[in-house]
Amino acid sequence: MIKWFANLKFRYQLVTGMIFITSAALFLIGQVSYFYFYERNTNEVLKRAGSSVEMAGDSLSYQFNSLSAATNHLLVKEPFPQMIAAINNYNFTGYARYFTTATAVTDSFLQNHDLVTNVLVCGDDQIMFSPTSLGISSHFDKLLPENIWQYPHITVLPTRFSNMFGKKGVIPVSYPVSSILSSKHLAYQDIPNCRKARFILLVDTEQIRDYFNRMSNRYTYCMYLADENGQPLDITEKEYPDAFLPQICKWVADGSPGQEGTVQTENEDLFLTMDKIKFCNLNVVHMTKKSALTGDIKEIRSFFILVWIACFLAAVLLSLALSGLLTRNLRVLGTIIRSINDKTYTKRKEFNHTDEISLLGVQLNQMYDTIQLQLLQIKDEEQKKAMAEIQMMSEQINPHFLYNTLECIHFQILNGHSKTAEGMLESLGKYLRTTLSFGKTMISVEKEVEHVTSYMEIMNRHSSNGIQLETQIDPLLKDCQIMKILLQPLAENCIRHGFDGFISGLEPVPPRIDILISSADDNKIRIEVTDNGRGIDIEVANACITENSPESQKHFGLSNIQKRLKACYGDSFRITFQSIPYLKNSVIIELPRDI
């Protein structure tokens, strides 16, 4: 990733960096904001829940305690003491004689207490009295299937649902009552060896639900009443299945007043707050789902996502504009450097600003000028050096050739062959005129051919080999300039290596040298020097024109030609060899026509 980023252009590095910084900053702000608002909402919801359950606990404690006090007043009014005494003494045979009086008393009680929908008076023989529902005793087993006689104290029974009550559901509150006739008082207990009696209040769950709904807030999942075992009383498992989970019930049963906590379920976390009611160890429980708390936070997260998108687009546009502004001079510098590399930097780019990049551009121009000046100086020095080397190599005269030629001329004069000596002197003069032409590196093709012709005339007078020289020049190339003393070393190689050891009259073939100068492709001059001697070792010949090779030190002629051609033409020349012994052995040189 770092390597990929490092390989990007500066402009895109800037864009990527700004996008990354913007995204990272917004992500950090979003996460911090999310956790901040989440904690704030959680604390606020738990605070409200604590306040709600405390208020509901106090209110329901007051109502249930008031209801118990009202129940005490109800049970001491006739006919309830006689009714309960008759049940205890096995004298209760029906409630017809009590119905009118009991109904009148309970009507006022029910009107004053909305939580209660009905009251029941029953004995352990299942004889039942209910002032608001005749025939209810026949359904005793369905209404109260549990053994209510096992509870010796005031007990809240589980919620039950029946059309007989005309309500959605009721919570039975069982009072164990006994009549003490000697003192004309009631006791909330069972008397030994007497029939048990129960006074049951049926508390309306809808009234409790309405009250809890008023106490709830928009984050509340469920607020309900639970018994001492943590079992919900005013709600159903179908409506609120989470409240009936074992871990929830255990948390409520083991809790203490004002307790707060979190219980994990399979689906999600639940925030719980509870308070105790001072009546039968009942509990008020407030439950909030974590998803409800995060619902508003999701809106904040969505808001930050929209802000991130907007900032992302703004960062892209601004970074593109800024990077374009910052990299404008960098692109100019890149263009200048490419032009310098391509050797096309002819029109100088001026920098008029004083920023760092502009100053760098000014310094680049100054450095370019300095380098160009140095290159010109180096080029001039190299040219002078090359010209000196070419001149030196061109003007090297084989002393043995000169001594032998002069000795031969002297011999011819002594023998009275004045015409032969005269011809040799004339040929030597022409030869030296070209060889010793100081200051000249290039001569015409025609002059170069005259030079090699003079050399061959001298060599043929040295010995009786009688080597035939034939030259053929394209008329259009006669005045073209080529490097001087190019053909003579090649002709010398033909004599020394091609015809060396030949005996006059016994040669395998008549010695012959052909020089062909013609035009070649790509505007070049093609020079081919051919002999019919014993042949060319092409591998050795190629080694001779390779710089610093051992063969180039042994065969001075080809090495000298290669070095001088390199100095004159650079890399735009080519030397190749062909060899068919005693037929055609050629050295082919291709030179640029115009330099």
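- Looking at heavy atoms from C-beta onward, Pro158 lies in side-chain contact with Glu146 at the 4.5 angstrom threshold.
- Side-chain contact between Thr265 and Leu245 is present, with heavy atoms from C-beta onward closer than 4.5 Å.
- Judged by distance alone, the side chain of Ser339 and the main-chain N or O of Thr335 form a donor-acceptor pair under 3.5 Å.
- The shortest non-hydrogen separation linking Val284 to Ala56 is CG1-CB, 3.9 Å.
- Using a 4.5 Å cut-off on side-chain heavy atoms (C-beta onward), Val53 and Met274 make no contact.
- Looking only at side-chain heavy atoms (C-beta outward), Asn217 and His286 come within less than 4.5 Å of each other.
- Within the structure, no pair that satisfies the salt bridge (Lys or Arg N to Asp or Glu O under 4.0 Å) test touches residues 269-278, not counting sequence neighbours.
- From Asn89, atom CG reaches atom CZ of Arg195 across 9.5 Å, with rounding to the nearest 0.5 Å.
- Taking CD1 from Ile87 and CZ from Arg198, the interatomic distance works out to 11.0 Å, rounded to the nearest 0.5 Å.
- Minimum heavy-atom separation, Pro232 to Ala243: CG-O, 3.6 Å.
- Pairing each heavy atom of Thr273 with each of Ala49, the nearest pair is OG1-CB, 3.7 Å.
- Within the model, atoms CG of Asn88 and CG of Asn193 stand 12.0 Å from one another, a figure rounded to the nearest 0.5 Å.
- Inter-residue side-chain proximity for Phe279 and Ser68 is flagged as met; some heavy-atom pair is nearer than 4.5 Å.
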Full working for side-chain contact (heavy atoms from CB on, under 4.5 Å) between Val170 and Asn118: CA-CA 9 Å; Val170 292; Asn118 203 352; over 6 Å; no
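- Remark: Gln150 CD is packed, more than 12 non-hydrogen atoms of other residues, nucleotides or ligands lying under 6.0 Å away.
- Of all non-hydrogen atoms in Tyr224 and Cys222, the two that sit nearest each other are CD2-SG, 3.4 Å.
- Note that the NE2 atom of His113 and the OG1 atom of Thr106 stand 13.0 Å from one another [nearest 0.5 Å].
- Distance alone, capped at 3.5 Å, places no donor-acceptor pair between the Ser178 side chain and the Ala187 backbone.
- At most 12 heavy atoms of other shown residues, nucleotides or ligands fall within 6.0 angstrom of atom CG in Asp571.
- A side-chain donor from one of Ser59 and Gln63 sits under 3.5 Å from a side-chain acceptor of the other.
- Phe109 has its side chain within reach of Thr71: a pair of non-hydrogen atoms, C-beta onward, lies under 4.5 Å apart.
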Could you go through the side-chain contact (heavy atoms from CB on, under 4.5 Å) check for Asp242 and Ile248 one step at a time? CA-CA 8 Å; Asp242 293 327; Ile248 301 293; 5.6 Å; no
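- Asp227 places no side-chain N or O within 3.5 Å of a backbone atom of Leu282 that could act as its donor or acceptor partner.
- Using a 30° and 60° split on the angle between ring planes, Phe80 and Phe199 fall in the perpendicular class, above 60°.
- Side-chain contact between Leu157 and Ile200 is absent, with no heavy atoms from C-beta onward closer than 4.5 Å.
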Working for side-chain contact (heavy atoms from CB on, under 4.5 Å), residues Ser174 and Leu144: CA-CA 11 Å; Ser174 175; Leu144 300 168; over 6 Å; no
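- Closest of all the heavy-atom pairs between Ile191 and Ser179 is CD1-O, 3.8 Å.
- Counting only heavy atoms from C-beta outward, the side chains of Val177 and Gln189 never approach each other to under 4.5 Å.
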Set out, in order, the CA-CA distance, both residues' side-chain angles and the distance that settles salt bridge (charged side-chain N to carboxylate O under 4.0 Å, His left out) for Asp204 and Arg209, then state yes or no. CA-CA 9 Å; Asp204 187 5; Arg209 293 303 312 146; over 6 Å; no
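- When all heavy atoms of Glu260 and Trp251 are compared, the pair lying nearest together is C-CZ2, 3.8 Å.
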Under the side-chain contact (heavy atoms from CB on, under 4.5 Å) rule, what do Leu225 and Tyr211 come out as? Steps first, then yes or no, please. CA-CA 11 Å; Leu225 186 67; Tyr211 176 72; over 6 Å; no
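- In terms of modelled atom types and a separation under 3.5 Å, the side chain of Ser108 and the main chain of Val105 share no donor-acceptor contact.
- Looking only at distances, a side-chain donor or acceptor of Ser52 sits under 3.5 Å from a matching main-chain atom of Met215.
- Put simply, OG1 on Thr205 and CG on Leu115 are 10.5 Å apart, with the number rounded to the nearest 0.5 Å.
- Once rounded to the nearest 0.5 Å, the distance linking CZ of Arg48 with CG of Leu46 reads 11.5 Å.
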